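I have placed the structure first, in the form of structure tokens, so that the comments after it can refer back to it.
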2 protein chains.
Amino acid sequence: MRYFMALAETLHFGRAAERMNMSQPPFSRQIAMIEHTLGVKLFERNSRNVALTPSGKHFMKDCRNVLGQFEEACRDVRLVASGMKGELRFGFMMHAAHSVVPQLVQLYAEARPDVRLVLDERTPTEIDEMLVAGTLDAAVTFDCGYAPHLQTVLLARERLRIIMRKDHPLATVGQIGPEELRGEKVIAAPAATAPALRSAINSYFSARGIVPHVVLEPRLQHTIIQLVAKGLGVALIPASLCTEPGAGLISRALTDAPQLDVVLRAPITTKNPAVSTFMEIGKSIQRTLL
Amino acid sequence: MRYFMALAETLHFGRAAERMNMSQPPFSRQIAMIEHTLGVKLFERNSRNVALTPSGKHFMKDCRNVLGQFEEACRDVRLVASGMKGELRFGFMMHAAHSVVPQLVQLYAEARPDVRLVLDERTPTEIDEMLVAGTLDAAVTFDCGYAPHLQTVLLARERLRIIMRKDHPLATVGQIGPEELRGEKVIAAPAATAPALRSAINSYFSARGIVPHVVLEPRLQHTIIQLVAKGLGVALIPASLCTEPGAGLISRALTDAPQLDVVLRAPITTKNPAVSTFMEIGKSIQRTLL
DNA sequence: ACGATCAATGCTTTCAGGGTATCAGATGGA
DNA sequence: TCCATCTGATACCCTGAAAGCATTGATCGT
């Protein structure tokens, strides 16, 4: 096809051959071969001048197209390999949706506009599973400790705050700690859904020898807040989710509040070249560790 | 690329090689060569299983596209060569626009829907020039006799009629011939524009020893009728243009009316394969020769 | 009529790419 | 744990597609 295009553009066997870095005779044979295999005369030629047939003229457009697409495919695959283009499946938990995730996504989209970011909001446990299964390329979740096959970037350290209805008795108490919460109805995500969060809550109480009275265990953070709003209990949630408590709700700091590490994670064996700069950007936006 | 696609689809060197009608070792080398020249790892493989890298997955889409376009280009060029597809530049004179042209165009468009018909309305002389210059592939014009390098299909034989204002003195005369037109102001296209038509008109008069009094010589048929409508003279025009004379106009038969052959013409040396069936359709619609 | 130009043809040569044999790593069953 | 088996990679060879060179033949301008 490149031979054909060279001749179609120059209409001169000698010059076209030169453009293809070869001598004229084999070039002539190649053109003849193309015409023979296609079964179509592409050039009208005598020993003096060369012209495209209508078929040749049509074929020229198609060839230009095909060759262009071909070059682009070769260029693109290199871009994908360099991480400049492609797709990155990014999972995150609701708890991070209002803190680090927007900034991370925005910075990355600016740095790598040709990488399609596929966002996927999941629970921490789902995220872990999907990271090992390879369904996600990277994810923001709570640090749940041991994860040998994952690389980890600490993004932020969040304190938990307590959230409750404004008309709750504790709303007037100055310092709230485990003792004040003794016997209080607590709503918290199940350990199976958010192990790190739940274990932080549990140890906050058990360190003082108190067993929290967990009355409801919804899987979604969103649901927890709704149930608190209905007056079914109080909840311990990350500070970044407390900036705009819903109507009728109020959040308070906790004494010796538990801290949770929000991390960006990706399989160390990832084959997706887009991940590395994503992690780099993660490092660059490490929040002040409160 | 076909090698790559075979492996990308089977994810098995042996079976992919078989699909490409070759043995596995050279196939492995080809894949390695592709990866090397692109500088991109396309497959993640150990001795047990083969998987696409993200780059490979992306490249697969592009390859499918390119290969499809390539196949289509090869198919299309054959279609063009067979006259099933392509372009046909078709010229015609105004005098035929209301008679044979619509039928010819419609029948051809039905027979060869993938050939783009480029219609070009011209004067007979322009048509002749464009046919020899190769700017037109085929054209409908008056038969102007000798044309060795053109193939000709007779489409219709048209008598000339006279057209005049309804209030013209001749409008009441029963038989109109050269004698009745003696001294009459005649409007006719110049010989340089429509040689066949003009010479038919001239000889109609000169056969009776009469010199027509041609007062105006507009190039366009359209203009002639307008001038007749303004009362500037009478005109001899093909019968097919008289079916709907404009307001205030009337047409009459002529005694021993001159006849003109309307022909479909194309260069015998035409390289456009679409022309032959166009000519065939021309033959098939030969009108009853009045 | 002759020389210049340009595509086609004949012949030679080379290396890209295919074939066969074999190796090496991984997996699964005995 | 070991062996049979599967699968991709390597080593080596060989063929033929395709390139080069020399030449021919046709056409056009002087």
Side-chain angles (χ1 to χ4, degrees), chain A residues 1-57 59-60 63 67 70 74 132-134 149 269 271, chain B residues 1-57 59-60 63 66-67 70 74 132-134 149 267 269 271:
Chain A
M1 271 195 167
R2 289 176 50 245
Y3 289 175
F4 167 77
M5 283 302 290
L7 183 55
E9 283 171 2
T10 62
L11 294 178
H12 187 291
F13 278 76
R15 280 187 277 279
E18 191 181 9
R19 185 186 288 193
M20 292 294 101
N21 302 311
M22 62 193 291
S23 59
Q24 172 263 320
F27 183 83
S28 285
R29 274 198 299 267
Q30 285 303 315
I31 295 295
M33 222 252 289
I34 293 171
E35 289 185 327
H36 182 255
T37 51
L38 283 177
V40 174
K41 252 198 132 27
L42 298 171
F43 296 98
E44 207 57 52
R45 52 192 181 278
N46 49 40
S47 55
R48 207 62 196 167
N49 35 10
V50 179
L52 281 162
T53 62
S55 306
K57 215 170 282 185
F59 195 52
M60 192 174 161
C63 278
L67 289 175
F70 174 78
C74 294
V132 302
H149 52 287
T269 64
K271 298 304 173 204
Chain B
M1 270 195 168
R2 290 177 49 245
Y3 290 175
F4 167 77
M5 283 304 290
L7 183 55
E9 284 170 1
T10 62
L11 294 178
H12 188 291
F13 279 76
R15 280 187 278 278
E18 192 182 8
R19 184 187 288 192
M20 293 293 102
N21 302 310
M22 62 194 288
S23 59
Q24 173 263 320
F27 183 83
S28 285
R29 272 200 304 266
Q30 286 303 315
I31 296 295
M33 223 253 288
I34 293 171
E35 289 184 327
H36 181 256
T37 52
L38 283 177
V40 174
K41 253 198 129 30
L42 299 170
F43 296 98
E44 208 59 49
R45 50 192 182 278
N46 50 40
S47 54
R48 205 62 194 169
N49 34 9
V50 179
L52 281 162
T53 63
S55 306
K57 215 171 280 184
F59 194 52
M60 193 175 159
C63 278
V66 170
L67 289 175
F70 174 79
C74 294
V132 302
H149 53 286
T269 64
K271 298 304 174 205

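Computed from a predicted model, the values in this text were never measured in an experiment. A, B, ... follow the sequence lines: proteins, then strands. Residue 1 opens every chain. Just so you know, these numbers use all the heavy atoms, side chains as well, and skip hydrogens, waters and symmetry mates.
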Query raised in the report: Has B/Glu18 got more than 12 heavy atoms of other residues, nucleotides or ligands less than 6.0 Å from its CD?
Result: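 No, not enclosed.
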
Query raised in the report: For atom NZ of B/Lys41, is the number of surrounding heavy atoms from other residues, nucleotides or ligands below 6.0 Å larger than 12?
Result: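 Counting other residues, nucleotides and ligands, NZ of B/Lys41 exceeds 12 neighbours.
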
Any chance you could measure [X], atom [atom1], to [Y], atom [atom2], to the nearest 0.5 Å?
{"X": "A/Leu67", "Y": "B/Phe70", "atom1": "CG", "atom2": "CZ", "result": "9.5 Å"}
{"X": "B/Glu9", "Y": "B/Phe4", "atom1": "CD", "atom2": "CZ", "result": "9.5 Å"}
{"X": "B/Phe59", "Y": "B/Phe43", "atom1": "CZ", "atom2": "CZ", "result": "9.5 Å"}
{"X": "B/His149", "Y": "B/Thr269", "atom1": "NE2", "atom2": "OG1", "result": "8.5 Å"}
{"X": "A/Thr10", "Y": "A/Met20", "atom1": "OG1", "atom2": "CE", "result": "9.0 Å"}

Interatomic distance where [atom1] belongs to [X] and [atom2] belongs to [N] [whole Å]:
{"X": "A/Gln30", "N": "C/dT9", "atom1": "CD", "atom2": "C1'", "value": "15 Å"}
{"X": "B/Tyr3", "N": "C/dA16", "atom1": "OH", "atom2": "C1'", "value": "11 Å"}
{"X": "A/Arg29", "N": "C/dC11", "atom1": "CZ", "atom2": "C1'", "value": "9 Å"}
{"X": "B/Asn21", "N": "C/dG19", "atom1": "CG", "atom2": "C1'", "value": "14 Å"}
{"X": "A/Glu35", "N": "C/dA7", "atom1": "CD", "atom2": "P", "value": "13 Å"}
{"X": "A/Met22", "N": "C/dA8", "atom1": "CE", "atom2": "C1'", "value": "14 Å"}
{"X": "B/His36", "N": "C/dA16", "atom1": "NE2", "atom2": "C1'", "value": "16 Å"}
{"X": "A/Leu42", "N": "C/dA7", "atom1": "CG", "atom2": "P", "value": "16 Å"}

**Report entry** Reading 5' to 3' through nucleotides 21-30 of chain C, protein heavy-atom contacts under 4.0 Å coded B for base, S for sugar-phosphate only, - for none
**Finding:** B---BBS---

Query raised in the report: Is there a donor-acceptor pair closer than 3.5 Å between any side-chain N or O of B/Glu35 and the backbone N or O of B/Leu42?
Result: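 Answer holds: yes.
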
Query - C/dA8 OP1/OP2 closer than 4.0 Å to side-chain N/O of A/Ser28 - result: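 Affirmative; the distance criterion is met.
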
Query raised in the report: Does B/Ser23 place a side-chain N or O at less than 4.0 Å from the phosphate oxygens OP1/OP2 of C/dG19?
Result: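 Checking B/Ser23 against C/dG19: at least one side-chain N or O falls below 4.0 Å of OP1 or OP2.
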
Query - First-last contacting nucleotides on DNA chain D - partner chain A, under 4.0 angstrom, heavy atom - result: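 Extent of the interface on DNA chain D: D/dA18 to D/dC28.
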
**Report entry** Test item: B/Tyr3 and B/Leu7 side chains (from C-beta on) under 4.5 Å apart, heavy atoms
**Finding:**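 No - every pair of side-chain heavy atoms lies 4.5 Å or more apart.
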
